[in-house]
Amino acid sequence: MSEKKIPYKIYLSEDEIPKAWYNMRADMKNKPAPLLNPGTGKPLTAEELSPIFCDELVAQELDENTPFIDIPDEIRNFYTMYRPSPLVRAYCLEEKLQTPAKIYYKFEGNNTSGSHKLNSAIAQAYYAKKQGLKGVTTETGAGQWGTALSMACSYFGLDCKVYMVKVSYEQKPFRREVMRTYGASVVPSPSETTEVGKKILAEHPGTTGSLGCAISEAVEVATKNPGYRYVLGSVLNQVLLHQSVIGLEAKAAMDKYDIKPDIIIGCAGGGSNLGGLIAPFMGEKLRGEADYRIIAVEPASCPSFTRGKFAYDFCDTGMICPLAKMYTLGSSFIPSANHAGGLRFHGMSSTLSQLYHDGYMEATSVEQTSVFEAAEQFARVEGILPAPESSHAIRAAINEALKCKETGEEKTILFGLTGTGYFDLVAYEKFHNGEMTDEIPTDEQLQASFAKLPKVDA
Ligand SMILES: *Cc1c(COP(=O)(O)O)cnc(C)c1O
């Protein structure tokens, strides 16, 4: 029982919340490719980005050389409301699996928004406030990002306009009401409040909307209203930077007990939680100081890394946003109705895409029924009701732990538990009723989408 020296939860003190974010790009030899202006095909400049994003966030987006960027006190103060987040040793899961593996997870669901997204929302709201802006606009699908952003905006007294995909607005009223509780205005998209929304409604009356369309509306409102900027909850370099707080805390907690993970696992939608969790570990790997196996887990229904192409593509379905070089299924690809809403993006962070391309990390895809099996197994022994997105990482962690059981290897596994699943109970219901299906795109479907990739000779 000497193993029990490591507590069930390793907490850090408030003083140990990181004082600076870590920017992985500073240690990358092959930097991620720049965002391109879709009109000119040239890298976007700070001037071109400033009507869309806050100035300091533009600077962070373009900064590929500064390894550490100070976290302003105002943001650290907010972090202390729900951070440091616990690093949990999954003793009960290990016991249940009868594995010699040692499993740890970093739990980011301990805040009202229920996910890691608040780590970047509060930073983005802070910089908007500091610039003297009136408010920000954004899109949300299932609502995790919109919820986090509305909390952050209410803290700094900023107006928050959220364009929520109409079908979610109607079918998922709960997150919508959380957002309104924090003072955000939530508009079902497409709407009559924008030119692009009116155009889409005229062309497709009765449409239930899409994320791409909601992005187009949010960007239009931000650029047309003085004092507003647009904010995004994943994919961008700045978001990965803010999320590095997850990995920095995890590493600090592990260092206290001389624990070194062999395998680090995270689910990947746009790549922000994974990029944040692995940041300091990847930094060591890039500098040649240590080695880790790093695994991105994605849904088989939306397999950007495992079946996508590494190419320049639009970040949105509406094809108005900048072009990013990333692993992509094509911006016209529409994944089947997977219940992990946060993992339905067609592309991937360009930083993670470059790292994957250069062999610094692996990727795997998992099917949704097996994900919910893992979620239920985890909930029953560890107590936490996991988000469907997070459960992709649980599935992969359990798979690795079961391999250790076969080989007898005592590997140390760290995975990111990004959030809770209280608003996803319809998905759990489908699973329990045996109504959940696994839909995997065919090669023909992917080829059709790849054929529409923009032609870029960068
Ligand atoms: C949004 C979300 C994700 C996926 O987004 P990433 O940017 O890939 O991290 C994962 N888990 C939860 C709970 C989310 O809300």
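Given the structure is predicted, the values throughout are model-derived calculations rather than measurements. Counting convention: from 1, in listed order, for ligands and their atoms alike.
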Review point. Where does Lys117 meet ligand 1, judged by heavy-atom distances below 4.0 Å: at the side chain, the backbone, both, or neither?
Key: side chain
Review point. Out of Gly416, Ser349, Gly269, Gly419, whose heavy atom sits nearest atom 8 (O) of ligand 1?
Key: Gly269
Exercise for review: Could you tell me if any non-hydrogen atom of Glu108 lies under 4.0 Å from any atom of ligand 1?
Suggested key: no
Point to revise | Ser234: numbered ligand 1 atoms lying under 4.0 Å from its heavy atoms | key: 6 (P), 7 (O)
Check your understanding: Judging by distance only, is a nitrogen or oxygen of Ser390 under 3.5 angstrom from one on ligand 1?
Key -> no
Review point. Testing Glu14, Glu249, Glu16 for salt bridge (Lys or Arg N to Asp or Glu O under 4.0 Å) with Arg83, which one passes?
Key: Glu249
Check your understanding: Can a cation-pi geometry be assigned to Lys325 and Phe310, taking NZ or CZ under 6.0 Å from the six-membered ring centre and within 45° of the ring axis?
Key -> yes
Review point. Between Gly114 and ligand 1, is there a nitrogen or oxygen pair with a distance under 3.5 Å?
Key: no
Point to revise | Contacting atoms of ligand 1, where contact means under 4.0 angstrom from a heavy atom of Leu343 | key: 4 (C)
Practice item. Decide yes or no for Ile10 and Ile259: does some side-chain heavy atom of the first lie under 4.5 Å from some side-chain heavy atom of the second? Key: yes
**Study point:** Geometric class of the Tyr79/Tyr82 ring pair [parallel <30°, tilted 30-60°, perpendicular >60°]
**Key:** perpendicular
Practice item. Indicate the ring-plane relationship of Trp21 and His242, choosing parallel, tilted or perpendicular according to the 30° and 60° boundaries. Key: tilted
Review point. Between Tyr292 and Lys260, is there a cation-pi geometry (under 6.0 Å to ring centre, at most 45° from the normal)?
Key: yes
Practice item. Check each heavy atom of Ser115 against ligand 1 and say whether those closer than 4.0 Å belong to the side chain, the backbone, both or neither. Key: side chain
Practice item. Name the orientation class of the two ring planes belonging to Phe305 and Tyr356 (parallel below 30°, tilted from 30 to 60°, perpendicular beyond 60°). Key: tilted
Check your understanding: Among Thr418, Leu274, Thr147, whose heavy atom sits nearest atom 13 (C) of ligand 1?
Key -> Thr418
Check your understanding: Do Ala268 and ligand 1 have an N or O pair less than 3.5 Å apart?
Key -> no
Review point. Can you find an N or O of Glu389 that's nearer than 3.5 Å to an N or O of ligand 1?
Key: no
Review point. Looking only at side chains, do Thr369 and Asp438 share a donor and an acceptor under 3.5 Å apart?
Key: yes
Exercise for review: Could you list which atoms of ligand 1 come closer than 4.0 Å to a heavy atom of His116?
Suggested key: 2 (C), 3 (C), 9 (O), 10 (C), 11 (N), 12 (C), 14 (C)
Review point. With backbone taken as N, CA, C and O and side chain as the heavy atoms from C-beta onward, which portion of Val239 lies under 4.0 Å from ligand 1: side chain, backbone, both, or neither?
Key: neither
Exercise for review: Go through ligand 1 atom by atom and flag the ones less than 4.0 Å from a non-hydrogen atom of Gly342.
Suggested key: 4 (C), 5 (O)
Review point. Cation over ring, Lys309 on Phe450, under 6.0 Å and within 45°?
Key: yes
Review point. Is there side-chain contact between Thr138 and Leu232, with at least one heavy-atom pair below 4.5 Å?
Key: no
Review point. Taking only heavy atoms of Cys267, which atoms of ligand 1 are found under 4.0 Å from at least one of them?
Key: 10 (C)
